[in-house]
Amino acid sequence: MGDRVEAFIQSALFSKTFKEGMALVEETANYLDGDGREISKSMGRSAALAYAGCSMRLTTQLMQIASWLLVLRAMREGDMTVAEASDPKYRLHQRETVPGHRLDNDELPEMLVVLIKRADRLHERIARLDAGLFSDEEKAGSQTGAVAQQQALLRAFNGQ
């Protein structure tokens, strides 16, 4: 497991994923603190409640993504070991499924829906990476070598 993780945290794929995740966190924070806040003030009660619920779930999801990315960066920088990062408290949690949560609500601002969909896609990719990186060797298969490890990570990233 350690070799897979080490190869990934040194890869261009990790750098790209890290930049994408942190940029999405920043973009979302700017939206929710700026335009989103202004838009929500003019919404009716039910739309404002839907907006608040969606924005809280989005913020929680992005905090989990950022935490996962920062743990891996800490490993890359030598501040954490693979064993420490393998602790379940650092694993990416499953997304919260909310009954009745619908993004096709015409009252939700289009930008909020776009941010939610982008965060969902990023979460799915990172969940696949997390499972591929931190699963038991037996579950991950017997692949050895840097090329095989990179291929497995790419398949996980692309959902294959």
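Computed from heavy atoms alone, side chains included, the values below leave out hydrogens, waters and symmetry copies. By convention here, the first residue in the shown sequence is residue 1. If you're wondering where the values come from, they're calculated on a predicted model, not measured in any experiment.
Summarising the geometry of Glu107 relative to Ala47, their closest heavy-atom pair is CB-CB, 3.5 Å, with the distance given to 0.1 Å. What you find for Ser86 and Val82 is that their closest heavy atoms are OG-O, 2.7 Å.
Atom CD of Glu26 has 12 or fewer heavy atoms from other residues, nucleotides or ligands within 6.0 Å. The neighbour count for Glu110 CD, taken as heavy atoms of other residues, nucleotides or ligands under 6.0 Å away, does not exceed 12.
Distance check, rounded to the nearest 0.5 Å: CD1 of Ile39 to CG of Leu32 gives 10.5 Å. Atoms CG and OG, on Leu62 and Ser67 in that order, are 12.0 Å from each other to the nearest 0.5 Å. To the nearest 0.5 angstrom, Arg128 atom CZ is 12.0 Å from Asp130 atom CG.
The side-chain tip of Arg73 does not point at the ring of Phe18 from less than 6.0 angstrom away and within 45° of straight on.
Side-chain contact check for Ile126 versus Leu69: some heavy-atom pair is nearer than 4.5 Å. The side-chain heavy atoms of Arg76 and Glu6, taken from C-beta on, include no pair separated by under 4.5 Å. Using a 4.5 Å heavy-atom cutoff, the side chains of Val25 and Ile65 are not in contact.
Between Glu20 and Arg125 there is a salt bridge, since a side-chain N of the basic residue sits under 4.0 Å from a carboxylate O of the acidic one.
For the salt bridge (charged side-chain N to carboxylate O under 4.0 Å, His left out) test, residues two or more places apart in sequence or in another chain that qualify with Glu38 are Lys41.
Between Trp68 and Phe8, the ring-plane angle classifies as tilted under the 30° and 60° cut-offs.
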